[in-house]
Every structure is written in structure tokens, then in C-alpha cells.
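Take a look at the structure below.
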Amino acid sequence: MSNTVKDRTGSGEKPGKDDVAMPALGFFGMLRFAWRQLTSMRTALFLLLLLAVAAVPGSLFPQRPSNPATVNQYIEDNPTLGPWLDRLQLFDVYSSVWFSAIYLLLFTSLVGCVIPRTTQHAKAIRSKPPRTPRRLSRFQHYGAFAIPAQQQVTASRAVTDAAAALKRRGYRADVRDAGDSFPSVGAERGFLKEVGNLLFHFALIGVLISFAVSGLFGYRGQKILVEGGTFINNLVSYDSFTPGSNFNRGSLDPFSIQLDDFSVKFERQSEANYGQPLDFTAEVTTKTAPDAQPQQQVLEVNDPLSFNATNVYLVGNGYAPVVTVRDGEGNVALSEPVVAQVKDASYTSTIVIKAPDAQPSQLSFAGLFIPTAVKDQDGVTVASDPDPLNPQLLLDSYYGDLGLDSGEPQNVYTLDTTDLTQLNGRKLDTGGIVLQPNETYQLPDGKGSITFEGLKRYIGVDITHDPGKYGALIFSSLAVLGLMMSLFIGRRRVWVRAGAHEDGRTMVEYGLLARGEDYRLKGEEKALRALLENKWLTATPHKEQ
């Protein structure tokens with residue numbers, strides 16, 4: 001007899017009973033399969049791990065939103081590797097396409113995983129405990145004892161008493177077969193364990209939403225504020241500004257900050273840590289609105305100023321020498337404090353001074369600011385202390401077109417000398433410029449002069465508006481609570497069965513079962529047995545009502 005049979009349409013043959021025919025999933029079947037794989041807990045955990053791994057480059061490479069100047073310098077220093085890293089968005093990790101894709105997949109996976117589990121758990125809470133097994137003795141945690149005949153406790157009464165005792169221990173009990181010769185009670189508790197598990201996953205979704213809100217509607221900016229200067233919270237006042245995807249300038253809180261004084265306390269007692277900073281204190285005057293009363297406040301490291309949902313953090317500091325540059329015609333081309341970038345623990349700082357208004361030639365200077373200048377054994381000027389005990393400006397001077405009229409943005413902390421002519425320098429006959437406070441140096445060829453007028457301090461502040469931070473805090477706390485519930489609450493089931501013996505005793509047996517590994521179940525068995533024995537074996541005889 002042939003091992004093949006006609007298919008239902010009669011158009012061909014299909015495999016016989018010894019063969020396996022795999023049904024075709026089809027388009028919708030593939031979608032259903034993909035959805036089930038995506039919404040499995042295994043996939044959610046994998047995506048969570050992948051998100052953590054994807055965040056690692058954010059700590060290895062400088063990030064453009066927080067420090068664009070460092071990113072540009074990194075690309076300049078690595079002309080081969082830098083552009084490729086930029087194409088892969090490794091300088092914008094947290095807003096990159098691949099990081100966002102993992103983020104959205106994780107969010108979808110968690111939602112698709114948690115909602116069905118919540119529905120199933122709600123049904124489990126409303127359902128009765130499982131039926132009593134026929135053989136309780138198969139359980140690892142099993143016990144039995146007899147109630148003496150003189151106690152006059154029937155099987156139904158024993159089951160009812162057991163149910164009451166279990167309820168007092170927090171079990172949900174259900175008495176069944178009360179009219180039979182072997183009545184029993186089924187009980188279970190620990191539903192909060194799964195509630196904690198679900199709470200943990202819902203809290204993770206809440207954390208993701210909070211981060212998304214911050215990314216969409218928040219912003220972050222940086223500002224260098226010199227003593228005596230004022231920062232007003234509007235877009236033109238920022239040195240750098242990174243808005244969220246849906247940022248609205250109307251969300252800028254109308255506050256202002258004036259830096260009155262900035263002081264740094266350095267270690268002076270310990271020789272091993274001499275010169276190490278101990279405390280940074282910025283005394284500021286703030287206003288929460290243009291017509292509000294000014295307030296005197298103190299800004300310190302890890303102690304930000306708060307203006308509604310906007311925080312101002314102290315993130316850096318340094319010196320800003322006050323210089324006056326006069327051009328070849330004797331006019332003041334520049335007179336202001338110039339920020340110097342700190343390079344080491346002794347506050348040796350690089351400084352760039354640009355005077356585009358100088359006539360007939362634009363002037364510029366580049367060099368070092370040293371707060372306490374001393375000569376080393378080779379005769380080179382170095383910094384010996386971070387306090388300004390002997391401040392000096394060591395500069396090279398240039399003249400020529402600075403390229404500022406082209407409209408292309410330039411880094412104020414660097415000087416491109418390609419199209420400039422050098423006037424002063426250590427390798428030139430004119431030598432370098434060395435200035436102390438209140439000293440003036442006349443430039444060669446009548447190009448002008450530069451005066452070191454005095455010294456001020458500056459601070460770097462980070463201004464962040466994070467509307468999702470409170471949500472992230474709340475949901476993170478709920479996640480910890482849910483995790484603790486899922487770890488420390490045990491899911492347990494108990495069955496108690498009673499039956500009458502021919503000699504008048506009532507035989508009682510019980511069994512306990514835990515969902516998963518539960519090392520505390522043995523202790524629960526002992527506590528339950530003690531509770532039941534104290535109820536029946538030590539009680540005075542009583543008659544059924």
C-alpha cells in the first residue's frame with residue numbers, strides 16, 4: 001500500500017504518517033512569532049544588558065552635549081580615528097540612532113511583557129487555591145498527627161480550625177468537601193511577591209519614560225562667570241547650550257545669578273597634600289524674576305542652586321587676568337577679564353587674548369598665566385602654588401587678520417596663527433612678554449601695548465533643566481521596593497486534610513509547597529505544625545455545637 005495519500009484538494013500528494021509536515025507561518029504568523037520573542041522576559045533582560053553595554057562608550061569618549069570643545073580637540077588630535085568615531089555617533093552616544101533603537105525596543109519589550117503578566121496575576125488573585133492533591137505525602141515538607149478521641153474534634157471541625165489558623169498567618173484559605181469523610185482546606189499566600197515583580201518592571205518603564213521626558217523637554221548649558229559678572233537665563237547668555245528634542249524657550253526659568261566673590265581654600269597643614277583644594281565657595285546674588293527681590297546665596301560643589309526644575313552646579317574654576325590692549329593708534333581695543341584654562345593642580349593656565357577691534361592691524365596674544373611664578377634650576381618659569389602669590393603673564397604676540405569677520409565660529413580658547421605674523425616670542429629677538437600686575441608692555445613696531453591690570457577669579461557652572469528627574473527618583477525607589485518584595489516574600493501553598501479513624505481519633509495530615517526555591521519553607525512547616533498542635537493537642541476537650 002502506498003505510503004502517501006491525496007491532499008484535500010486532490011491536486012497532489014502530501015507526506016505520509018512517517019513524515020513531518022511543518023505548517024507555513026505566513027506573514028501574520030511571523031509577526032506574531034516576532035512579537036512573542038520581543039515581549040519575552042529573556043529578551044527584556046538581554047536588551048537591558050545591551051543598553052548597559054551600549055552606554056559604556058559614553059564614559060570612554062568625550063560627549064558633544066557636555067563638552068563640545070573637548071570633542072573638537074579630540075577629532076583634531078586623531079584625524080584618522082576621530083571622524084570615524086563621529087560617524088558612528090560615539091561622541092553623541094545617548095542621542096544616537098543605535099542607542100535610541102535599543103531604548104525603544106527595551107521599552108516595547110517591557111510593556112508587552114508586563115501587561116499580560118499583570119492580567120494573569122489579577123486572575124490568579126481572584127481564583128481559588130488549587131484543589132487538594134490526593135497524596136500529600138509526596139511533598140518534601142509533609143507531616144501528620146492524630147487528635148485524641150477525648151478532644152471530640154470531628155474532621156470537619158479540624159479543617160475549619162485549620163483554615164482559621166492559616167488565615168491568621170496571612171493565608172487565603174478555602175475549605176472544600178466539608179460534608180465528606182475526608183474534608184480538606186487549601187491555602188496560599190505570597191501574592192505580593194509577584195506584585196513586587198510586576199512593580200519592579202512597571203517602575204523600569206516609568207524610569208524609561210522619565211528619561212524620555214528629560215530628553216525631550218529638558219536642556220543643558222554651560223557658562224563661565226567672572227567675579228562681578230551676571231548670568232541671565234536666556235539663550236544668548238550661554239557659552240554652550242544643548243536643548244532637548246522638543247525644547248521650548250518658554251520653559252527657561254527667568255532667573256539671574258551675579259557672582260560676587262569666589263574663594264578657594266587650599267591645604268596648608270599637611271606636607272603630603274600641600275596645595276590640594278579643600279573647599280570652593282561662590283557667593284552669589286540671585287533673582288528668581290526680573291522684578292523679584294535679590295537674595296544672597298552660596299554655591300558650592302555638590303550643593304546646587306535650584307530654580308523650580310532648573311539646577312545650577314559649580315563644576316569648575318580658575319583665574320581671569322584683567323588686561324587692556326591698546327592698538328597702534330593709541331585707542332583701547334580691549335579691556336576686560338580674559339578666562340584662562342587651568343591645566344594642572346598648581347593652576348598653570350593657558351590664555352588666548354584676541355583684540356579684533358585694534359587698528360590698523362588686529363592684535364592677539366597666546367601664552368600662560370602662572371599664579372605663583374618661580375624659576376626652576378634650569379631658569380624656566382614654573383608654577384609653585386595655586387594661590388596668586390606672584391602672578392605672571394607669559395605671552396607671545398601676533399598681528400594680522402584673525403578671521404572673525406568671515407562669520408565662521410571659532411574657539412575662543414585657541415589661536416590659529418597660520419595667517420598671523422608673530423611680534424614677540426622666546427625664539428625671536430624681541431623675546432617673550434612677561435607681565436606682572438599693573439605692568440605695561442609696548443609692542444614692537446608701534447603696534448600698540450598690553451597692560452596687566454589685575455586679577456579676578458571665575459567659575460564654570462552647569463545649568464540643567466530636567467523635568468523628568470522627580471519621576472526618575474520616584475520610579476527608581478519603587479523599583480527598589482518591588483525588587484525587595486520579589487526577593488524576600490515567599491509564594492507558598494498549604495493543604496490540610498482530616499479524616500476520622502475507627503478508634504475515634506481524627507487523623508490530620510498537611511503538606512507545604514513553595515514556588516521556586518524557598519529555604520524558609522522548613523521553618524514555615526515547623527511554625528504551622530506548632531500552631532495546629534497547640535490548637536488541638538493542648539486544648540481541653542469540648543463538644544461539637
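Hydrogens, waters and symmetry mates play no part in the numbers below; they use all other heavy atoms, side chains included.
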Below 4.0 angstrom, N of the basic side chain to O of the carboxylate: do Lys354 and Asp401 qualify? no
Do Phe202 and Phe475 have side-chain heavy atoms sitting under 4.5 Å apart? no
Which residues satisfy the ring-ring contact (aromatic ring centres under 6.0 Å, His included) test with Phe99, sequence neighbours excluded? Tyr94
The criterion is side chain to side chain contact (heavy atoms under 4.5 Å, CB included); which residues satisfy it with Tyr274, sequence neighbours excluded? Arg268, Asp385
Which pairs with one or both residues in residues 96-119 pass salt bridge (charged side-chain N to carboxylate O under 4.0 Å, His left out), sequence neighbours excluded? Arg117-Glu194
Cation-pi geometry met for Arg32 and Trp35 (6.0 Å, 45°): no
Can you find a side-chain donor-acceptor pair between Asn308 and Thr310 that sits under 3.5 Å? no
Between CG on residue Asn197 and CG on residue Leu487, distance to nearest 0.5 Å: 9.0 Å
ring-ring contact (aromatic ring centres under 6.0 Å, His included): pairs with one or both residues in residues 206-229, sequence neighbours excluded: Tyr219-Phe241, Tyr219-Phe247, Tyr219-His465
Inter- and intrachain pairs under salt bridge (charged side-chain N to carboxylate O under 4.0 Å, His left out), touching residues 313-328, at least two apart: none
Residues passing the side chain to side chain contact (heavy atoms under 4.5 Å, CB included) test with Ile224, sequence neighbours excluded, are Asp239, Val339, Tyr413, Tyr458
Contact list for residues 300-339, test ring-ring contact (aromatic ring centres under 6.0 Å, His included), sequence neighbours left out: Phe255-Phe307, Tyr319-Tyr347, Tyr319-Phe369
Would you say Asp279 and Thr281 are linked by a side-chain donor-acceptor pair, where the criterion is simply a distance under 3.5 Å? yes
For residues 70-82, which residue pairs qualify under salt bridge (charged side-chain N to carboxylate O under 4.0 Å, His left out), counting only residues two or more places apart or in two chains? none
Could you pull out all residues at least two apart from Asp86 that satisfy salt bridge (charged side-chain N to carboxylate O under 4.0 Å, His left out)? Arg64
With sequence neighbours left out, what residues match Lys447 under side chain to side chain contact (heavy atoms under 4.5 Å, CB included)? Ser361, Leu363, Tyr399, Leu423, Leu443, Asp445
In the structure I gave you, are the side-chain heavy atoms of Gln63 and Val93 within less than 4.5 Å of one another anywhere? yes
For the residue pair Asp344 and Thr348, confirm or rule out a side-chain donor-acceptor distance under 3.5 Å. yes
Partners of Gln296 by side chain to side chain contact (heavy atoms under 4.5 Å, CB included), sequence neighbours excluded? Asp260, Thr285
With sequence neighbours excluded, give me every side-chain hydrogen bond (donor to acceptor under 3.5 Å, both in side chains) pair touching residues 367-376. Lys375-Thr381
